[in-house]
Amino acid sequence: MRGTLDLGITANRRNQSFISRMNYTFPLKVLRPFYLDGIGTAYIYLLDTAGGMLAGDSLDYRIRVEDGARLYLTNASASKSYVMNGGGAQVHQFFSVGRQASMEFFPEEVMLFKDTTLETATRIEAERDSVLAFCDMYACGRKHKGERFEFRSMGNLLEIVIDGKLAVWEKYRVDGHRLQSGQPGYLEEYTHWGTLYMYSSETDGAMLQTARECLAGIGEGGVWAGCSLHPSGVLTVKALSAEYEAVKDCFQQVWAQLRPRMLKEALPYIRK
């Protein structure tokens with residue numbers, strides 16, 4: 001199975017964003033956009049109608065937000081990487097965010113089943129006056145079935161390019177069998193992890209302090225999190241927890257605090 005998505009978002013004369021280009025192949029599908037804020041953001045659900053990935057599967061996303069357009073992209077439920085007797089699955093993601101455009105990408109968790117191997121590579125190209133919020137989250141397996149860190153391997157490569165210059169390059173690999181022991185330095189009792197990357201030309205130390213204060217306020221909810229500000233303006237939040245909802249809520253609360261400053265618009269309720 002090789003699913004592809006080529007999606008373009010453009011703003012009309014009323015500054016309302018809409019789908020101007022859309023081509024997809026099974027199992028990917030895009031739902032009609034809806035509108036929840038006053039700046040014309042197109043809120044779009046992305047569906048994987050196959051329910052998950054098996055060995056040999058690949059998904060290829062190419063998403064462009066044109067100049068002045070706004071996109072909030074999410075999915076309806078967790079992405080699943082199923083049991084694989086051999087081989088692995090791959091996900092390739094390319095995002096382009098134009099001048100004075102914004103992209104918010106908040107998918108649900110990626111769940112790593114027993115014996116699965118998953119490789120994900122993401123490249124984001126944004127302009128100096130773009131606004132970006134990009135989130136990814138992972139789960140160690142089906143905890144309710146006693147499945148913890150029984151996946152074979154997952155690799156994650158991320159590149160963020162701002163104004164033609166590489167701002168963030170991050171690559172890591174997690175091998176499930178090394179984490180089953182719960183030794184210090186190996187995630188210990190934490191079964192869910194994720195990262196939120198945010199950027200705008202106005203990101204500064206005050207926004208970093210706001211993020212830190214927000215994290216301090218939710219630290220008692222079973223989440224370990226920290227944040228940092230890169231000289232490029234990319235603000236990064238990383239979180240660990242034993243519960244998926246705790247990581248998700250952590251990122252949502254941080255973005256709810258910073259979105260009004262980056263986009264001049266509050267974060268609306270996103271129904272799932």
Side-chain angles (χ1 to χ4, degrees), residues 5-22 30 33 35-44 46 61-75 92-107 120-136 157-170 194-208 210-211 227-238 251-252 254-268 270:
L5 170 64
D6 183 9
L7 182 68
I9 305 297
T10 303
N12 61 21
R13 295 179 181 178
R14 301 189 304 277
N15 292 324
Q16 185 178 69
S17 299
F18 64 96
I19 296 176
S20 56
R21 183 183 68 256
M22 180 173 62
V30 174
Y35 301 91
L36 297 173
D37 59 30
I39 56 176
T41 305
Y43 290 80
I44 296 177
L46 174 63
Y61 303 90
R62 297 189 64 84
I63 299 170
R64 177 168 179 79
V65 185
E66 304 290 349
D67 295 349
R70 304 191 184 281
L71 170 66
Y72 187 106
L73 186 63
T74 186
N75 53 9
H92 299 278
Q93 302 177 129
F94 174 78
F95 302 93
S96 176
V97 189
R99 296 188 301 274
Q100 297 183 345
S102 66
M103 185 190 75
E104 302 162 80
F105 184 62
F106 283 88
T120 301
T122 302
R123 181 178 176 89
I124 305 170
E125 296 181 358
E127 299 296 329
R128 183 175 181 81
D129 56 359
S130 303
V131 175
L132 170 70
F134 178 89
C135 169
D136 63 10
L157 169 64
L158 173 76
E159 299 173 300
I160 300 179
V161 177
I162 306 294
D163 198 26
K165 298 180 181 179
L166 183 64
V168 174
W169 188 93
E170 181 176 282
T195 309
L196 170 62
Y197 304 90
M198 298 165 287
Y199 168 80
S200 82
S201 60
E202 300 178 1
T203 308
D204 56 14
M207 291 191 188
L208 175 62
T210 298
C227 58
S228 62
L229 178 61
H230 189 267
S232 65
V234 177
L235 198 161
T236 302
V237 177
K238 291 184 175 293
F251 292 156
Q252 289 288 341
V254 171
W255 183 232
Q257 290 292 319
L258 295 182
R259 191 181 197 257
R261 301 174 66 175
M262 292 187 180
L263 285 174
K264 318 305 180 188
E265 184 79 8
L267 179 66
I270 313 296

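Applying the side chain to side chain contact (heavy atoms under 4.5 Å, CB included) criterion to Ala167, with sequence neighbours excluded, gives Ile162, Ser232, Val234. The salt bridge (charged side-chain N to carboxylate O under 4.0 Å, His left out) search around Asp204 returns none, not counting sequence neighbours. Evaluation of the side-chain hydrogen bond (donor to acceptor under 3.5 Å, both in side chains) rule for Thr195 yields Lys238 as partners, not counting sequence neighbours.
In this structure, the ring of Phe105 has its center less than 6.0 angstrom from the ring center of Phe95.
Side-chain contact check for Thr41 and Arg70: no donor-acceptor pair (N or O, by modelled atom type) lies under 3.5 Å.
The aromatic rings of Tyr197 and Phe134 sit tilted relative to each other, their planes meeting at an angle between 30° and 60°.
In terms of modelled atom types and a separation under 3.5 Å, the side chain of Ser130 and the main chain of Val97 share a donor-acceptor contact. A donor-acceptor contact shorter than 3.5 Å links the side chain of Asp129 to the backbone of Gln100. Arg259 contributes a side-chain N or O that, together with a main-chain N or O of Ala266, makes up a donor-acceptor pair within less than 3.5 Å. Counting only distance, with no hydrogens or angles, the side chain of Tyr35 and the backbone of Ser17 share a donor-acceptor pair below 3.5 Å.
At least one side-chain heavy atom of Trp255 sits less than 4.5 Å from a side-chain heavy atom of Leu263.
The two residues Pro107 and Cys135 have their closest heavy-atom pair at CD-O, 3.4 Å.
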